[in-house]
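First up is the structure itself, then whatever we jot down about it.
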Number of protein chains: 2
Amino acid sequence: MDTPLTDQPDDTAPDAEEELRAGMEHLFFAYRDFIARPDRILTEYGFGRAHHRVIFFVGRYPGMAVRQLLDILQITKQSLSRVLRQLIREGYVEQRQGETDRRQRRLYLTRQGIELERRLSEDQRRRFARAYGAAGPDAVHGFRTVLDLMISGPPKGGGGG
Amino acid sequence: MDTPLTDQPDDTAPDAEEELRAGMEHLFFAYRDFIARPDRILTEYGFGRAHHRVIFFVGRYPGMAVRQLLDILQITKQSLSRVLRQLIREGYVEQRQGETDRRQRRLYLTRQGIELERRLSEDQRRRFARAYGAAGPDAVHGFRTVLDLMISGPPKGGGGG
DNA sequence: GCATATATGTCAATAACACTGACATATATT
DNA sequence: AATATATGTCAGTGTTATTGACATATATGC
């Protein structure tokens with residue numbers, strides 16, 4: 001301990017500083033453990049985390065356009081393209097031309113895709129259910145409140161990121 | 001909407017199911033926005049997210065052994081090695097031989113490393129501080145409770161992953 | 001209709017970050 | 001002395017991301 005991190009920042013007391021860092025650390029751990037199991041399942045299919053994200057969001061919002069998915073995932077279309085191509089080729093996702101805007105390729109999970117989604121999210125749902133159940137409704141409400149406040153707004157006026 | 005995700009799982013009501021998935025989605029968004037700014041700063045240095053993780057944990061736990069860092073990050077030593085070598089070579093992290101166990105190379109941030117850590121975590125601390133402040137102490141307590149319940153225990157008896 | 005913008009897709013090259021496997025050294029433990 | 005642990009390195013590979021360039025189909029503004 002020669003140069004500990006207690007130089008005192010501009011406006012934060014050391015205790016608050018510690019509380020913030022503890023929160024950051026635990027968010028890291030929670031996310032790390034949240035994705036560990038799906039990551040392992042995905043290797044069976046030759047898929048990666050990116051495939052899971054697509055499966056998750058298309059499952060949650062069927063008929064989603066590619067553009068929306070890009071905005072959510074915040075990756076380039078080239079990155080998404082390869083992943084999406086694989087998922088379509090192997091029968092987990094299908095595309096249908098948009099009805100009002102025929103440039104769009106709206107995305108849907110196939111039966112097979114729905115099955116994979118269930119399998120991937122099983123551990124995650126159980127993990128959430130256990131934590132929610134053990135913590136109780138008030139804690140869950142607090143959890144969601146803080147989580148939502150931490151999310152940047154849409155990048156219209158420069159969200160906060 | 002031909003095959004919506006309402007097949008009914010084993011033991012969960014559809015509303016609870018929705019609540020869980022909403023939580024999962026928002027955890028994804030929160031984490032995505034949490035790392036966006038540091039990621040951009042890191043490119044200036046030719047570093048990546050892995051460097052940030054090392055900087056963060058070494059800053060938080062000075063004198064940490066390499067083995068501990070590996071357990072926390074849950075990556076292979078080969079992966080850590082490259083990152084750590086860079087950080088040491090460029091003067092952000094230094095190693096000192098352990099006193100009780102001289103096999104260990106204990107890790108410390110240099111002055112330069114501490115500066116970088118501050119810069120990287122600035123947005124993250126502000127983000128947490130804002131969310132904590134706006135949500136209030138009860139919500140923060142609930143947030144931490146749920147987050148902690150979601151983290152797998154140490155992999156002694158098969159933690160939960 | 002023409003110009004332009006949007007939605008989507010693809011090719012090529014590159015980088016970050018993870019992996020496995022193999023091997024080496026120093027030190028600790030039994 | 002044998003074995004285990006802590007650390008490090010070399011080589012090869014795969015996934016996910018990037019940038020840049022270019023192409024097609026469709027929508028929108030004038």
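Atom set for the values below is all heavy atoms of this structure, side chains included, hydrogens, waters and symmetry mates excluded. Residue numbers begin at 1 in each chain, while the letters A, B, ... track the order of the sequences.
- For residues 78-85 of chain B, proximity to DNA chain D is found at B/Q78, B/S81, B/R85, defined as any non-hydrogen atom under 4.0 angstrom from a strand atom.
- Between A/R21 and the options A/E18, A/E25, A/E17, A/E19, a salt bridge (Lys or Arg N to Asp or Glu O under 4.0 Å) holds for only A/E17.
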What donor-acceptor contacts under 3.5 angstrom involve side-chain atoms of residues 132-143 of chain A, with partners at least two apart or in another chain?
none

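- A salt bridge (Lys or Arg N to Asp or Glu O under 4.0 Å) check over residues 47-56 of chain A, counting only residues at least two apart or in different chains, returns the pairs A/D39-A/R49.
- A search for side-chain hydrogen bond (donor to acceptor under 3.5 Å, both in side chains) contacts involving A/H51 returns A/Q86, not counting sequence neighbours.
- Heavy-atom neighbours of A/Q97 CD from other residues, nucleotides or ligands within 6.0 Å: above the threshold of 12.
- A distance-only check finds a donor-acceptor pair linking the side chain of B/Q124 to the backbone of B/F34 [under 3.5 Å].
- Pairs passing the ring-ring contact (aromatic ring centres under 6.0 Å, His included) check and including a residue from residues 64-105 of chain B, sequence neighbours excluded, read B/F47-B/Y92.
- A/R106 comes within contact range of no nucleotide atom at all, as no heavy-atom separation falls under 4.0 Å.
- As judged by a 4.0 angstrom heavy-atom cut-off over every strand, B/Q95 is placed among residues touching the sugar-phosphate backbone only.
- Checking A/R127 against B/S152 by side-chain atom types alone, a donor-acceptor pair falls below 3.5 Å.
- Within the structure, every side-chain polar atom (N or O) of A/H51 is placed at least 4.0 Å from both OP1 and OP2 of D/dT15.
- Under 4.0 angstrom from either OP1 or OP2 of C/dC19 there lies at least one side-chain N or O belonging to B/T76.
- A/I41 pairs by the side-chain contact (heavy atoms from CB on, under 4.5 Å) definition with A/R37, A/Y45, A/R119, A/L120, not counting sequence neighbours.
- Protein atom CG of A/D71 is 10 Å distant from nucleotide atom P of C/dT8, rounded to whole Å.
- Distance B/L69 CG to D/dA6 P: 14 Å, rounded to the nearest Å.
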Quick one, give me the B/S/- string for nucleotides 23-30 of chain D, reading 5' to 3', where B means a protein heavy atom under 4.0 Å from the base and S means that only happens at the primed atoms, P, OP1 or OP2.
--BBS---
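- Going from atom CG of B/L107 over to atom C1' of D/dA6 covers 12 Å, rounded to whole Å.
- The separation between B/R53 atom CZ and C/dC17 atom P is 8 Å, rounded to whole Å.
- Taking atom CG of residue B/L42 and atom P of nucleotide D/dA17, one finds them 17 Å apart after rounding to whole Å.
- Axis orientation changes by 40° from one end of the helix from C/dG1-D/dC30 to C/dT30-D/dA1 to the other, with each end axis drawn from 5 pairs and the value rounded to 10°.
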Please list each protein N or O that sits under 3.5 Å from an N or O in nucleotides 1-3 of chain D, with the distance.
none

Please tabulate, for the side chains in residues 63-73 of chain A, all donor-acceptor contacts under 3.5 angstrom to protein atoms that are two or more places apart in sequence or on a different chain.
residue: A/R67; atom: NH2; partner: A/D71; partner atom: OD1; Å: 3.2
residue: A/Q68; atom: OE1; partner: A/A65; partner atom: N; Å: 3.0

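- Residues satisfying the side-chain contact (heavy atoms from CB on, under 4.5 Å) criterion with A/R103, sequence neighbours excluded, are A/D101.
- The 5' end of DNA chain D is approached more closely, in terms of each residue's nearest nucleotide, by B/Q104 than by the other of A/I75 and B/Q104.
- Going from atom NE2 of B/H52 over to atom C1' of C/dC17 covers 16 Å, rounded to whole Å.
- Among pairs with a residue in residues 74-91 of chain A, none fulfils salt bridge (Lys or Arg N to Asp or Glu O under 4.0 Å), at least two apart in sequence or across chains.
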